[in-house]
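Following: one structure in structure tokens, then a few remarks.
Protein chains get the first letters and strands the later ones, always in sequence-line order, with residue 1 at the start of each. Only this structure's heavy atoms are used, side chains among them; waters, hydrogens and symmetry mates stay out. Just so you know, these numbers come straight off a predicted model, no measurement behind them.
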2 protein chains.
Amino acid sequence: MSVEVPPRAERFPAGPAAAARRVSGTDVARAAGVSQRTVSRVVNNFPQVSPDVRRRVQRAIEDLGYRPNSAARSLLLGRTRTIGLLTVGSTAYGPASLALATERAVRAAAYGLLVVNTVELDAESVETGLSALLDQGVDAVVVNEPTSTFRSRRHDLAVPVLSLSGPLELSATELVVASDEAGGVAAAVRHLLDLGHATVHHVGGPTEWPSARRRAQAWRAALEDAGREVPPVLTGDWSPASGYAAGRELARRPGVTAIFAAGDHLAFGVARALQEAGRRVPADVSLIGFDDVPEAAFMTRALTTVRQDLVGTAARGVEIVQAIEGRLDAGALETIPTRLVLRETTGPPPTPPPVPTPAAR
Amino acid sequence: MSVEVPPRAERFPAGPAAAARRVSGTDVARAAGVSQRTVSRVVNNFPQVSPDVRRRVQRAIEDLGYRPNSAARSLLLGRTRTIGLLTVGSTAYGPASLALATERAVRAAAYGLLVVNTVELDAESVETGLSALLDQGVDAVVVNEPTSTFRSRRHDLAVPVLSLSGPLELSATELVVASDEAGGVAAAVRHLLDLGHATVHHVGGPTEWPSARRRAQAWRAALEDAGREVPPVLTGDWSPASGYAAGRELARRPGVTAIFAAGDHLAFGVARALQEAGRRVPADVSLIGFDDVPEAAFMTRALTTVRQDLVGTAARGVEIVQAIEGRLDAGALETIPTRLVLRETTGPPPTPPPVPTPAAR
DNA sequence: CTGTTAGCGCCTTCAC
DNA sequence: GTGAAGGCGCTAACAG
């Protein structure tokens, strides 16, 4: 015996007890005594509809609970009014905030947002995720962090791709709207040098993260520009715990008077390690973070940090995606300013430079 | 002069220089010398296709970069293979983790996830967001936190609604898969009472949040069950800063020997306030949090807390949504166990009870 | 095993 | 100002 598939009429039985078939524009038209086309005109706010008919139709729409079928519309129009977000699967403040801001911007533009989180920056999950987005027919793709492994295949994508975290290096016609991380980092480093510090040490994020690499790169460039020594980088995984480990290491080294951490959470850990080692912030060591997370102002000493305008970044990015209307020849590279927020963790270096004492608490 | 809309032929010009129209199944069929239906069979892995034809078609698909049009498929099938997530627009650990877990579960089931973030728990944005999701034609809606204001209108929705954070109280046929917060809280309170504490104080989350109300409710019930005094609740906004404020208040009161905070970040703030007031944790005051955020184990004294299985919750929820296949008569109410994670912030109360001294550091 | 026909619900062109 | 046909790309049914 073969498997019997019930005929369509049986699976979608008509009649009172039927599983409610979704109401269509034709149903509304029938109820209002007009053509389906007129319903469409009302739904899309076309002017050439008499007020009376419009009311009648709107009434019927209300009564029947009609919602236009987006699939049918997409099929006809060739656009889904949907944007895909490919972001890193992390609850870290930066990516999470940017995802939130992207959702708001996208929805303000009356688009839907399909989200795909990658498993960290794993190449395969980036490819798979991008593919899933394209399969769903998104009109554009917004990429946040997952760019490092992104160039593994040729991507002659049929939709515009916007990167919110830096160049993708995929093609000449790419859309990039990103925070001026380099500018913020440079301001931080210069601020410390201006205070009289001989150099600035760096606690970086994981090197797989493009943002971590960019911040480290900018820090290095700022020091070299000033002709200062570039000390070796310690890297963590963005967590306070890893910052703490790096902080203990730095506390052990003599002559460390200024530290720039690639993320505020790293900075928290560094601060704690310094404190435990008896190095006062900022009297003995100055410290600057990055991100301006909400807690940053509530540290024992409020953290000096670099603030990004993530909301502005996402908004501008989505604006551009809208403006180009799917054209693939339009390139863009915009930078959203960042700001050094001066608080309580920076000051001039101690004179004479502190002698490393064994945990002088 | 009226606005001239170029005729279709002009907007989608044919010919070599044309803006590439998306390749359809028919194009593939032509290239492979088969019917369009056969292409469909290959794409959907139907068995009744000869290996030779299958290869030829797959080759053509590859060459042309064909992707099936999801809108056309959705239109025909009446399902979009898309699930909507209505979640609270917050970077707090709980909602963010659950959103992440939901995305993974949904995508593992080969669905897409449309995300809408509400502006906190504002009634209007909840309604608007839900509406946006339905307009996009999602097959089901997953609701995380935004339930408190959710019953403002009648919601005879045409799609199943799954709540991951507790009953929605919308209808008799609702799907709820949620962490056993009550069980976890009860375990925490009992643990403290078993250690000999007379009662347990509570620092709660914002009362608009259903999860905050449930945790406070469970704490109260546990105390009443044990016949203990129920002290007044202090509430915060989940932040360490608000926990700190509550902690200072509690440190001032004599006889406070045990505190349960509705979130780990609140607990961090409480811990800091206690420390500054010279109340040792756990020697003078025991402290339990909720969530088990990654940093919890890295506090000066590792935090005892209640861990939720958010990944399991989301996975089970999505599984159920899949299983009911869009039927609206299927109710469900499942509970995912939580676990009290004992670490270093709980112990017996001091004997004799500590006299409040002015900051005895 | 493969091709033909039909229609999902909507919006565009053309008639009235 | 409104209605009637047509087709977007796909899959169910049936034919061959």
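At C:dC11, one or more side-chain N or O atoms of A:N44 fall inside 4.0 Å of OP1 or OP2 (strictly under the cut-off). Between B:S50 and the phosphate of C:dT2, there is a side-chain N or O to OP1/OP2 separation shorter than 4.0 Å.
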Every protein N/O within reach of nucleotides 3-5 of chain D N/O, cut-off under 3.5 Å:
unit_1, atom_1, unit_2, atom_2, d
D:dG3, OP1, A:S35, N, 3.3
D:dG3, OP2, A:S35, N, 2.8
D:dG3, OP2, A:S35, OG, 2.9
D:dG3, OP2, A:T38, OG1, 2.5
D:dG3, N7, A:R41, NH2, 2.9

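For the atom pair A:D135 CG and B:N69 CG, the distance stands at 11.0 Å (nearest 0.5 Å). Rounding to the nearest 0.5 angstrom, the gap separating the CG atom in B:L98 from the OG1 atom in B:T102 is 4.5 Å.
At a cut-off of 3.5 Å, with distance as the only test, a side-chain donor of B:T38 or B:S35 sits close to an acceptor on the other residue. Checking B:R73 against B:S70 by side-chain atom types alone, no donor-acceptor pair falls below 3.5 Å. In the model, A:D139 has a side-chain atom that pairs as donor or acceptor with a side-chain atom of A:T80 under 3.5 Å.
Scored by the side-chain contact (heavy atoms from CB on, under 4.5 Å) test, B:V39 finds B:V28, B:A29, B:V34, B:V43, B:V57, B:Y66 as partners (sequence neighbours excluded).
When distances run from any side-chain atom of B:N69 to the nucleotides D:dA12, C:dC10, D:dC10, the shortest one goes to D:dC10. Set against C:dT12, D:dC10, D:dT2, the side chain of B:L76 has D:dC10 as its closest nucleotide. When the nucleotides D:dT2, C:dT2, C:dC11 are ranked by their closest atom to the side chain of A:L77, C:dC11 comes out on top.
The terminal axes of the helix from C:dC1-D:dG16 to C:dC16-D:dG1, fitted over 5 pairs per end, subtend an angle of 40° to the nearest 10°.
A straight line from CG of B:D27 to C1' of D:dC10 spans 13 Å, rounded to a whole angstrom. Rounding to whole angstrom units, CZ of residue B:R54 and P of C:dC1 are separated by 10 Å. Atom CZ of B:R30 and atom P of D:dG9 are 11 Å apart (whole Å). Summarising the geometry, the separation between CZ on B:R67 and P on D:dC10 is reported as 13 Å, rounded to the nearest angstrom.
For B:S131 (side chain) and B:E127 (main-chain N/O), no donor-acceptor pair under 3.5 Å exists by modelled atom type.
Heavy-atom neighbours of A:E334 CD from other residues, nucleotides or ligands within 6.0 Å: above the threshold of 12.
Ionic pairing of B:E62 and B:R59 is not present here: no N-O contact between side-chain nitrogen and carboxylate oxygen is shorter than 4.0 angstrom.
Heavy-atom distances to DNA chain C give each of B:L75 and B:P47 a nearest nucleotide, and the one nearer the 5′ end belongs to B:P47.
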